[in-house]
Novice: 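For reference, the structure I am asking about is given below.
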Amino acid sequence: MKKKLLLVLMLLVAAAATMKAYDFEVDGIYYNINGTEVTVTFKGRYYYSEQTYSGDVIIPSTVSYNGTTYSVTSIGDYAFQGDNGLNSIVIPSSITSIGESAFTSINGLGSITVASDNPVYDSRDNCNAIIETATNTLIYGCRNTTFPNSVTSIGGAAFYGNTNLFRVTIPNTITSIGEAAFSGCDRLTSITVASDNPIYDSRDNCNAIIETLTNTLISGCNNTTIPSSVTSIGNAAFLGNRNMYSITIPNTITSIGNRAFSGCSNLSRITISESVTAIGSQAFSNCYKLTSIDIPNSVNTIGDQAFSYCTGLTSITIPNSVTTISDRLFYSCSGLTGIIIPNTVTSIGDFAFDGCSGLTSIDIPNSVNAIGIQAFSDCTGLTSITIPSSVDTIGDYAFYQCRNLTNVDIPNSDIPNSVTSIGNWAFYACWKLKSVTIGNSVTSIGDYAFYFCTSMTRLTIGESVTTIGNYAFDGCSNLTNIDIPNSVTTIGEYAFAGCWGLTSLTIGESVTAIGNCAFEGCSKLTSIDIPDSVTTIGDNAFWGCTSLTSIDIPNSVMNIGIEAFGKCTGLSSVICQALVPPVVTYFFSDSEIGLYEQTKLFVTAESLEAYRAHEEWGKFTHIVPFLGAGPGDINGDGNIAVSDVTNLIDQLLSGEELPAYADVNGDGVVTIKDVTDLIDMLLGGN
């Protein structure tokens, strides 16, 4: 009956995956409609799902579909990306907008022609390129491009991914080159800059483009050698160069830019000199063949995702100069088996080790005070971890699906600034987690925090926890007992649902609300003590607790949710101490009439008629008054004993009016049957 919404969402996602990206197709060209205009787009649901175009493509100025004529005014993002069968393209005068990466990674493209009367773009001097007229910027080129003298800049990613580009000569008119202009051109072996270019050079025949003023290498190729005069490697300088196998960074280099070597999938050896102080974001991401990297002590900053997807990386040492392990730093480094984190590190970023399935253990030093979101998510080989006392935050999904993790100790409050919160999904589906100790400094346990930790047999919840989140321990089927401390005020929805092995439960005296389905399906739970702090019992709170034989509802309870005790087929008695019948729609399921007949309802004598007259409570066949210690306390001394039997007999024989609580079996009259029922109660120990 739960989690139906998740199934619906999954079906919607599956349906969406089959949808097409375009609105219509005419003569092999795909379009999206925007009012009276259309945009040229790709065929598949995603631009990379299939090659859309091949041969010679001529884009028309107008196109007719279903009786309507549309103006073709734009080429959408990624429209022709990766269509390696494309030989030539003609762009009409109506096109005034070209989207991101529209012509990147097209190896076969040899001819680009823009209509001479196009107001925004041109391909002057038969250059085989698209030039933005107003800025004289070449925005997309091909393997046969020549640079007109009137062009002053090359746009970012202008030749990105063109693997049929072998050599490039940059004329002296070019004064601006965008980031990643020649990235992914992995057959490029020669780059030459005109000797009289005022902004760039390729000194010492280095086969690279160097920004003269800053001594920054901004674009390199397979045959690049880095001159000793260069001080930095720019962003995306060697991005996507799959034919680079090794490189030595000279000791003049102080910084390696963002994505500098990203996607160099065959790079297996790199030497970083002691002069480097900063490694940029994604600097070596997707360098699959790198097995080890020696980061020198001079490095104090390593950018986000710097080594993400380096799946061949087996070990790495982080120098003492580093204080932060940045977000996604080692994301999906599945071959990483060991790492040393120095005691200078104060934080482990979001997704830092996510997907490092080869890690079996990791030592987090006492200097660390924060473990980020999904920091160790899907580290399926991780068997043990010690969280130091310095950590005050465990982020959402921090150890999500660490399936081989067996024990977790979360520090206690006697240490300053210790863990105060366990994030949502933090230990979700850690199947082998057997023992969890939550220290006294923790105040909240997040939603799904230990969801489906099916091997957990021991749980200690610290005495400062105030909130247990939704689904926090749902599916922990081997937990046998839980002691919820007095500090807890809220138990979330499904918090302990599916804890099939749970036999006993103590709820702390500060809990005010038991969430919907909180103990749903706890089929071995035989007893539960609901404290008199509770005011609300949620929908289906104890649904399916088939081993419960009795329930004592304190006077504080004002609301009982729908089917709170549905399918509790073992119930024989319910004690409700509330003087005013609590609000309830269905105590049991509407189809469980038999449970209303089998279960005796014990209420205070003065509330007897109110319960019998109530629309829902009145469904109970036997509504029995109690006093003091409970049913059968005839003399009201707080104990049930043989004296109560003799007292009841005396009252029957006297013929005097009998008190309401003498109706032991709740059939509405006091007879000798009540005496025998009271004797049975004593003999049965109930």
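Values reported hereafter were calculated over all heavy atoms of this structure, with side chains retained and with hydrogens, waters and symmetry mates removed.
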Novice: Do Ser94 and Ser71 touch side chain to side chain, with heavy atoms closer than 4.5 Å?
Specialist: no
Novice: Show the atom names and distances, to 0.1 Å, of all donor-acceptor pairs under 3.5 Å that link a side chain in residues 85-93 to residues at least two apart or in another chain.
Specialist:
| unit_1 | atom_1 | unit_2 | atom_2 | d |
| --- | --- | --- | --- | --- |
| Ser88 | OG | Asp56 | OD1 | 2.6 |

Novice: Would you say Asn107 and Thr163 are linked by a side-chain donor-acceptor pair, where the criterion is simply a distance under 3.5 Å?
Specialist: yes
Novice: Kindly compute the distance separating CD1 (Ile191) from SG (Cys185), expressed to the nearest 0.5 Å.
Specialist: 8.5 Å
Novice: Would you be so kind as to tabulate the donor-acceptor pairs closer than 3.5 Å made by side chains of residues 305-317, with sequence neighbours excluded?
Specialist:
| unit_1 | atom_1 | unit_2 | atom_2 | d |
| --- | --- | --- | --- | --- |
| Ser308 | OG | Gln305 | O | 3.1 |
| Thr314 | OG1 | Thr291 | O | 3.3 |

Novice: Could you go step by step and tell me if Ile362 and Ile339 meet the side-chain contact (heavy atoms from CB on, under 4.5 Å) rule?
Specialist: CA-CA 7 Å; Ile362 194 163; Ile339 189 165; 3.6 Å; yes
Novice: Does the side chain of Asn286 pick up a donor-acceptor pair with the side chain of Tyr288 at under 3.5 Å?
Specialist: yes
Novice: Before giving the answer on side-chain contact (heavy atoms from CB on, under 4.5 Å), spell out for Asn243 and Arg187 the whole-Å C-alpha distance, their side-chain angles and the decisive distance to 0.1 Å.
Specialist: CA-CA 7 Å; Asn243 285 323; Arg187 292 186 185 178; 4.3 Å; yes
Novice: Regarding Ser285 and Ser262, do their side chains bring together a donor and an acceptor under 3.5 Å, going by distance alone?
Specialist: yes
Novice: Which donor-acceptor pairs under 3.5 Å do the side chains of residues 219-227 make with protein atoms, sequence neighbours left out?
Specialist:
| unit_1 | atom_1 | unit_2 | atom_2 | d |
| --- | --- | --- | --- | --- |
| Asn222 | OD1 | Asn241 | ND2 | 3.0 |
| Asn222 | ND2 | Asp186 | O | 2.8 |
| Asn223 | ND2 | Thr189 | O | 3.2 |
| Thr224 | OG1 | Asn207 | O | 2.6 |
| Thr224 | OG1 | Cys221 | N | 2.7 |
| Thr224 | OG1 | Cys221 | O | 3.2 |

Novice: Would Thr212 and Asp201 count as a side-chain hydrogen bond (donor to acceptor under 3.5 Å, both in side chains) here? Give the steps.
Specialist: CA-CA 6 Å; Thr212 305; Asp201 67 77; 2.7 Å; yes
Novice: Of Phe353, Tyr428, Phe376, Trp425, which is the lone residue that meets ring pair (Phe, Tyr, Trp, His ring centres under 6.0 Å) with Phe399?
Specialist: Phe376
Novice: So, Thr277 and Thr254: side-chain donor and acceptor under 3.5 Å apart, yes or no?
Specialist: no
Novice: Looking at side-chain heavy atoms only, is the closest gap between Ile29 and Pro60 below 4.5 Å?
Specialist: yes
Novice: Within a strict 4.5 Å, meaning less than it, do heavy atoms of the Phe238 and Leu217 side chains meet?
Specialist: yes
Novice: Testing the 3.5 Å rule here: is there a donor-acceptor pair between the side chains of Thr133 and Asp122?
Specialist: yes
Novice: What closest approach, in Å, do Lys289 and Ser265 show between heavy atoms, and which atom pair accounts for it?
Specialist: CG-O, 3.0 Å
Novice: Given Phe103, which partner from the list Tyr160, Phe80, Tyr53 fulfils the ring pair (Phe, Tyr, Trp, His ring centres under 6.0 Å) test?
Specialist: Phe80
Novice: Output the distance between atom OH (Tyr245) and atom CZ (Arg269), rounded to the nearest 0.5 Å.
Specialist: 14.5 Å
Novice: Do side-chain atoms of Ser275 reach the backbone of Asn251 as a donor and acceptor pair under 3.5 angstrom?
Specialist: yes
Novice: With no hydrogens and no angle check, do the side chains of Thr104 and Gln81 hold a donor and an acceptor under 3.5 Å apart?
Specialist: yes
Novice: Thr39 and Ser74: side-chain donor and acceptor closer than 3.5 Å?
Specialist: yes
Novice: For a 4.5 angstrom cut-off between non-hydrogen side-chain atoms, does Tyr70 reach Phe24?
Specialist: yes
Novice: Is Ile75 close to Tyr140 at the side-chain level, that is, under 4.5 Å between some pair of heavy atoms?
Specialist: no
Novice: Can you find a pair of side-chain heavy atoms, one from Asp83 and one from Lys43, that are under 4.5 Å apart?
Specialist: no
Novice: Which atom names give the shortest non-hydrogen contact between Tyr30 and Glu25, and what distance separates them?
Specialist: CE2-CG, 3.4 Å
Novice: Show, in sequence, the C-alpha distance, side-chain angles and deciding distance for Tyr65 and Asp23, and conclude whether the side-chain contact (heavy atoms from CB on, under 4.5 Å) test is met.
Specialist: CA-CA 10 Å; Tyr65 177 71; Asp23 293 327; over 6 Å; no
Novice: Is Phe159 close to Leu138 at the side-chain level, that is, under 4.5 Å between some pair of heavy atoms?
Specialist: yes
